[in-house]
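Below is the structure I would like to discuss, written out as structure tokens.
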Number of protein chains: 2
Amino acid sequence: MSQRSREIIDEIEGEILAGKISPGVRLPSEEKLCERFGASRTVIREAIQQMRGKGLLRTTKGSGTYISDPSLDSLATVMEAYASLVVEAGFNELIDFRILIETECARMAATNAGESVLKELRAVLDRMEKVKGVRAKFSKADIAFHLAIAKGSGNRIYAGVLGAMERRIIEYAQTNRGDIDWYSGVIEAHREIVDAIALGLPDKAAEAMRRHLVSSKRHFLDLESLGGET
Amino acid sequence: MSQRSREIIDEIEGEILAGKISPGVRLPSEEKLCERFGASRTVIREAIQQMRGKGLLRTTKGSGTYISDPSLDSLATVMEAYASLVVEAGFNELIDFRILIETECARMAATNAGESVLKELRAVLDRMEKVKGVRAKFSKADIAFHLAIAKGSGNRIYAGVLGAMERRIIEYAQTNRGDIDWYSGVIEAHREIVDAIALGLPDKAAEAMRRHLVSSKRHFLDLESLGGET
DNA sequence: ATGGGAAATCTGTATGACAACTTGGGAAAA
DNA sequence: TTTTCCCAAGTTGTCATACAGATTTCCCAT
């Protein structure tokens with residue numbers, strides 16, 4: 001497997017991560033790169049496309065190709081793609097991963113979250129109360145809740161990684177669960193978490209979050225073993 | 001920004017993650033896709049290249065394009081690219097992320113690790129003792145140590161995510177640190193972790209790992225504030 | 001039935017051309 | 001001189017065509 005584009009990718013990536021080219025800087029034009037690597041424009045473009053897929057490059061028609069600044073979006077995009085593949089093979093592992101990160105998010109949020117985050121959390125709680133029973137809307141609010149906490153942690157990596165998985169996990173895990181008791185239970189758990197964060201109690205917030213997620217996981221596994229498929 | 005390839009990517013990705021196409025299955029040939037989307041082969045290929053970059057597709061010359069099975073490598077590739085970009089902006093956050101995951105890995109390894117993992121860990125310890133003082137080799141062994149523990153956790157996500165960051169973090173963090181006391185300290189900390197895992201003591205293993213990493217982080221930050229740059 | 005080889009299929013690369021868009025600078029106007 | 005406007009050069013996006021190199025399929029001769 002020769003793959004001319006592979007070599008080119010390796011070389012350019014190498015320069016990027018060696019710091020020779022910094023985020024925001026424009027890459028030489030495709031034509032220039034053709035000269036430099038002695039390859040056709042086709043190959044150069046294939047290399048660029050692949051790096052774009054990774055989120056390493058960003059192109060603007062008419063202007064040029066630029067090194068991405070490390071937007072969390074790019075990480076999220078890729079992790080989402082990955083999560084969608086792994087979802088069947090190792091859903092358990094993915095959930096455990098999520099529990100680990102979110103528990104830590106809650107803990108950190110209790111010390112770092114400002115008033116604006118708390119306000120957002122309370123707004124989401126109200127919304128969940130309002131849409132109780134409507135699964136699609138409830139899920140959406142649920143996701144918003146967890147992302148808000150991740151944001152409140154102050155660590156952008158957590159928020160990025162989590163945002164990548166959240167939607168898919170919740171969609172997947174909440175299939176076939178519609179009784180009103182369950183909705184109320186979720187809201188109650190969320191409220192407990194918010195209270196702990198508001199009071200600035202890291203351990204309590206972490207513990208509440210962990211309990212909430214572990215119970216979700218159990219619910220999901222029960223449903224699955226009963227054959228709860230779409 | 002129209003971006004014909006964008007639409008195609010969205011559609012194909014949508015089908016993949018909706019489960020309409022499963023890992024291992026072959027995608028229709030480029031020509032067929034041209035017909036289906038009413039686009040030129042160029043556009044189809046650009047879409048494919050980008051998804052290849054994400055690790056979503058795998059192509060074999062002469063045979064076809066296939067949906068990747070969720071190999072951890074693909075995630076690692078992408079996270080590595082990301083880590084290289086974020087490394088300047090939020091190195092602290094990246095390290096905290098690592099500490100969180102590795103602590104959990106150590107905890108889980110204490111209950112899940114089999115004899116083979118323990119054997120590997122001990123072998124790595126010996127090797128570190130042998131190359132004490134040679135920074136490049138020591139770093140390599142250091143990475144191997146942490147990855148072995150991640151593997152011993154039994155959760156492939158941890159191992160994948162960590163493998164993606166490990167090399168870059170350690171390379172970056174160990175710059176300018178060469179005195180013999182430091183090497184000994186690292187080995188001592190590692191030995192403590194291995195012992196706890198061998199005895200099957202989750203909390204102790206986790207605590208030892210956390211102490212080790214937090215101390216590394218502090219060392220690194222000290223060096224940095226003194227102007228320790230490449 | 002089987003083995004071998006040719007044909008069909010498929011991805012990788014090269015070339016040339018044009019469209020769509022951005023950018024910078026120069027000409028024209030104030 | 002300063003400002004405004006427009007266009008020309010530069011750059012990426014898309015198309016069509018052709019052929020090389022690898023793999024797979026299938027048919028024919030043994």
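The sequence lines fix the lettering, A, B, ..., with proteins before strands; numbering per chain opens at 1. Quick caveat: nothing in here was measured; it's all calculated off a predicted structure.
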Q) CD of Glu35(B) versus P of dA16(D): gap in Å, rounded? A)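 Computing the Glu35(B):CD to dA16(D):P distance gives 13 Å.
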Identify all pairs in which a protein N or O lies below 3.5 Å from an N or O of nucleotides 17-26 of chain D, and state each distance.
residue: dG21(D); atom: O4'; partner: Lys61(B); partner atom: NZ; Å: 3.4

To the nearest Å, give me how far apart CD (Glu31(A)) and C1' (dA17(C)) are.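 Whole-Å distance recorded here is 13 Å.
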Give the rounded distance in Å between these two atoms: CG of Leu27(B) and C1' of dT11(C).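 In whole Å, dT11(C) C1' and Leu27(B) CG are 13 Å from each other.
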Distance check needed: dC15(D) P versus Leu33(B) CG, whole Å only.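 Checked: the CG to P distance equals 14 Å.
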For the student: nearest non-hydrogen atoms of Arg26(B) and Ser29(B), plus distance:
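Looking at all heavy atoms of both residues, the closest pair is NH2-N, 4.4 Å.
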*Sorted by number, the residues of residues 43-52 of chain B with heavy-atom contact under 4.0 Å to DNA chain C*: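 The stretch gives Arg45(B), Arg52(B) as the residues lying under 4.0 Å from the strand, ordered by number.
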Item checked: Residue-phosphate contact under 4.0 Å: Thr65(A) side-chain N/O, dT12(D) OP1/OP2 ->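 Indeed, a polar side-chain atom of Thr65(A) lies that close.
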Can you tell me how far C1' of dC10(C) sits from CZ of Arg26(B), to the nearest Å?
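It is 7 Å, rounded to the nearest whole Å.
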First encountered from the 5' end of DNA chain C, between Ser40(A) and Pro28(B) =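 Upstream on the strand: Pro28(B).
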Practice task
Could you tell me the separation between the CD atom of Glu7(A) and the P atom of dG12(C), rounded to a whole number of Å?
Solution key: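 It is 14 Å, rounded to the nearest whole Å.
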message = Under the rule for side-chain contact (heavy atoms from CB on, under 4.5 Å), what residues qualify as partners of Val134(B), not counting sequence neighbours?
response =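 Applying side-chain contact (heavy atoms from CB on, under 4.5 Å) to Val134(B) gives Lys137(B).
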Task: Pair Lys151(B) + Glu120(B), salt bridge at N-O below 4.0 Å - done: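 Looking at Glu120(B) together with Lys151(B), the answer is yes, because their closest N to O distance falls below 4.0 Å.
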* Glu11(A): what forms a side chain to side chain donor-acceptor pair (under 3.5 Å) with it, not counting sequence neighbours? ->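 Result, side chain to side chain donor-acceptor pair (under 3.5 Å) vs Glu11(A): Arg36(A).
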Item to complete: Please tell me if the side chains of Arg45(A) and Glu46(B) come closer than 4.5 Å, counting only heavy atoms from C-beta onward.
Response: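 Heavy-atom side-chain distance check passes, below 4.5 Å.
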Hey, could you give me the CD1/CD1 distance between Ile16(A) and Ile9(A), rounded to the nearest 0.5 Å?
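Ile16(A) CD1 to Ile9(A) CD1: 10.5 Å, rounded to 0.5 Å.
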Less than 4.0 angstrom from a charged side-chain N to a carboxylate O is my criterion; do Glu31(B) and Arg41(B) meet it?
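No.
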* Answer yes or no: is there an ion pair linking Glu13(B) with Lys54(B), defined by an N-O contact shorter than 4.0 Å? =>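 The answer is yes: the pair qualifies as a salt bridge.
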Strictly below 4.0 Å, N to O, side chains only: are Glu104(B) and Arg107(B) in salt-bridge contact?
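Answer for the salt bridge query: yes.
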By the 4.0 Å heavy-atom rule, please label Arg58(A) as base, sugar-phosphate, or nothing.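 The residue Arg58(A) makes no contact with any strand.
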For this session: Salt-bridge test for Asp126(A) and Arg122(A): reply yes if a basic N is under 4.0 Å from a carboxylate O, no otherwise.
Result: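 Not counted as a salt bridge, because no side-chain N and carboxylate O are separated by less than 4.0 Å.
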Ile8(B) has an atom CD1; how far is it from atom C1' of dG13(D), in whole Å?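 Distance check: Ile8(B) CD1 to dG13(D) C1' gives 12 Å.
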Degree of bending in the helix from dA1(C)-dT30(D) to dA30(C)-dT1(D) once both end axes are built from five pairs, to 10°: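 For the helix from dA1(C)-dT30(D) to dA30(C)-dT1(D), the axes at either end differ by 10°.
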**Prompt:** Whole Å only: how far is the CD1 atom of Ile9(B) from the P atom of dT14(D)?
**Reply:**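 So the two atoms are 10 Å apart, to the nearest Å.
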Inset, instruction - List for me each residue that meets side-chain contact (heavy atoms from CB on, under 4.5 Å) alongside Lys130(A), sequence neighbours excluded, and say none if there are none. - result: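 Once residues adjacent in sequence are excluded, Lys130(A) has no partner under the side-chain contact (heavy atoms from CB on, under 4.5 Å) criterion.
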